[in-house]
Novice: 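The structure is given below, and queries will be raised subsequently.
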Amino acid sequence: GYLRLGLGAPLGPLASVAPFSAWRHLNAAAKPRVVVVGIGPVLGNAVLAAAGHLPSVDLWCVGELPLSTVPEALCQAIANTGTLICIEEHYAHGGMAGALLLELGRAGIAIKRLVHLCARGYPSGTYGSQEFHRQESGLDQQSLQRWFQELLV
């Protein structure tokens, strides 16, 4: 067996977070330009990175794998923006993004731009803290800020 308990950054810019469920809508943007779907404590970094852009970011948290039915509001937001950012600390193969894309394909939801930010393994060949590995995989707050800058400015 394997159990990893990760620490996430506080979700400071968000006023409140709904109780645990399979899908949580963390930030419902009035006029979203991008949709972010993530899983796990790395979403804390995403919230902090997107803080200056929250009016343009529709942010969702996956609470359970395998995925349950994708919420209609999420499908609509993706259809409207065409841009999806998936953030997870899993490897690309067999992760949350692959499962989500399968469900979106089955629903006929087209994505014009996909950004998948995920674990890259051990690029430097060294080991370290959770934050060290997030930096190596581009999942730290500064790396995520660059993605929001690129997509929203």
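Predicted, not measured: the structure shown is a model, and the values here were computed from it.
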Novice: Which residues pass the ring pair (Phe, Tyr, Trp, His ring centres under 6.0 Å) test with Y127, sequence neighbours left out?
Specialist: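 Partners of Y127 under the ring pair (Phe, Tyr, Trp, His ring centres under 6.0 Å) test: Y122.
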Novice: Sort and list the pairs that fulfil salt bridge (charged side-chain N to carboxylate O under 4.0 Å, His left out) and have at least one residue in residues 50-73, not counting sequence neighbours.
Specialist: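 Qualifying pairs, neighbours excluded: none.
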Novice: Hey, can you pull the donor-acceptor pairs under 3.5 Å for the side chains in residues 33-41, sequence neighbours left out?
Specialist:
unit_1, atom_1, unit_2, atom_2, d
R33, NH1, L152, O, 2.9
R33, NH2, L152, O, 3.2

Novice: Calculate, to the nearest 0.5 Å, the distance between atoms OG and CD belonging to S143 and Q135 respectively.
Specialist: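 If we round to the nearest 0.5 Å, S143:OG and Q135:CD are 7.5 Å apart.
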Novice: Residues in ring pair (Phe, Tyr, Trp, His ring centres under 6.0 Å) with H116, at least two apart?
Specialist: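 H116 satisfies ring pair (Phe, Tyr, Trp, His ring centres under 6.0 Å) with no other residue.
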Novice: Less than 4.5 Å apart, side chain to side chain, heavy atoms only: is that true for H133 and E89?
Specialist: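 No; the side chains remain at least 4.5 Å from each other.
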Novice: Over all heavy atoms of both residues, which pair between I87 and M96 is shortest? Give the atoms and the distance, please.
Specialist: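 Taking I87 first and M96 second, the nearest heavy atoms are O-CE, 3.8 Å.
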Novice: Taking only residues two or more places apart in sequence, or in another chain, which ones meet H53 in a side chain to side chain donor-acceptor pair (under 3.5 Å)?
Specialist: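 Expected list: Q149.
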Novice: Considering all heavy atoms of both residues, which atom of L139 and which atom of A119 are nearest to each other, and what is their separation?
Specialist: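 It is CD1-N, 4.2 Å.
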Novice: For V115 and L84: C-alpha separation, side-chain torsions, deciding distance, then whether side-chain contact (heavy atoms from CB on, under 4.5 Å) applies.
Specialist: CA-CA 6 Å; V115 176; L84 175 63; over 6 Å; no
Novice: Could you list the residues that satisfy side chain to side chain donor-acceptor pair (under 3.5 Å) with Q141, not counting sequence neighbours?
Specialist: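 Partners of Q141 by the side chain to side chain donor-acceptor pair (under 3.5 Å) criterion come out as none, since no residue qualifies.
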Novice: Quick one: are K31 and S56 in side-chain contact, heavy atoms under 4.5 Å?
Specialist: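 A side-chain contact under 4.5 Å is absent here.
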Novice: Locate the shortest heavy-atom distance separating S137 from G121; write the atom from each residue and the value.
Specialist: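 Taking S137 first and G121 second, the nearest heavy atoms are OG-N, 4.5 Å.
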Novice: Less than 4.5 Å apart, side chain to side chain, heavy atoms only: is that true for L100 and C86?
Specialist: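 In short, these two side chains touch, coming nearer than 4.5 Å.
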Novice: Among residues at least two apart in sequence or on other chains, which ones pass side chain to side chain donor-acceptor pair (under 3.5 Å) with R24?
Specialist: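 In terms of side chain to side chain donor-acceptor pair (under 3.5 Å), with neighbours along the sequence ignored, R24 is linked to no residue.
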Novice: If we ignore hydrogens and angles and just use 3.5 Å, is the side chain of T81 paired with the main-chain N or O of A77 as donor and acceptor?
Specialist: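 Yes.
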Novice: Check the pair I85 / L117 against side-chain contact (heavy atoms from CB on, under 4.5 Å), numbers first and verdict last.
Specialist: CA-CA 7 Å; I85 303 173; L117 304 171; 4.2 Å; yes
Novice: Name all residues meeting the side-chain contact (heavy atoms from CB on, under 4.5 Å) criterion together with S129; count only those two or more places apart in sequence or in a different chain, and write none if there are none.
Specialist: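 Partners of S129 under the side-chain contact (heavy atoms from CB on, under 4.5 Å) test: E131, F132.
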Novice: Between R120 and E136, is there a salt bridge with N-O shorter than 4.0 Å?
Specialist: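 Result for this pair is no, no salt bridge flagged.
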Novice: For Y91, enumerate each residue passing the ring pair (Phe, Tyr, Trp, His ring centres under 6.0 Å) test, keeping only those at least two apart in sequence or located in another chain.
Specialist: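 Applying ring pair (Phe, Tyr, Trp, His ring centres under 6.0 Å) to Y91 gives none.
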Novice: Does one hydrophobic cluster hold both L43 and V57, with members joined at side-chain heavy-atom distances below 4.5 Å?
Specialist: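 Yes, it is one cluster - the side chains of L43 and V57 are joined through contacts under 4.5 Å.
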Novice: Quick one: closest heavy-atom pair of L144 and G138, and the distance?
Specialist: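 So the minimum-distance heavy-atom pair works out to CD2-O, 3.9 Å.
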Novice: Taking the side chain as every heavy atom from C-beta outward, state whether V42 and E88 have any atom pair closer than 4.5 Å.
Specialist: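 Not in contact.
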Novice: My understanding is that only residues two or more places apart in sequence, or in another chain, count here; which of them pass side chain to side chain donor-acceptor pair (under 3.5 Å) with T126?
Specialist: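 Per chain and number, T126 pairs via side chain to side chain donor-acceptor pair (under 3.5 Å) with S124.
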Novice: What pairs of donor and acceptor atoms, side-chain ones from residues 101-113 against any protein atom, are under 3.5 angstrom apart with sequence neighbours left out?
Specialist:
unit_1, atom_1, unit_2, atom_2, d
E103, OE2, R106, NH1, 2.9
R113, NH2, E150, OE2, 2.8

Novice: List in chain and number order the residues that pass side-chain contact (heavy atoms from CB on, under 4.5 Å) with P71, two or more places apart in sequence or in another chain; answer none if no residue qualifies.
Specialist: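 In terms of side-chain contact (heavy atoms from CB on, under 4.5 Å), with neighbours along the sequence ignored, P71 is linked to W23, W60, L74.
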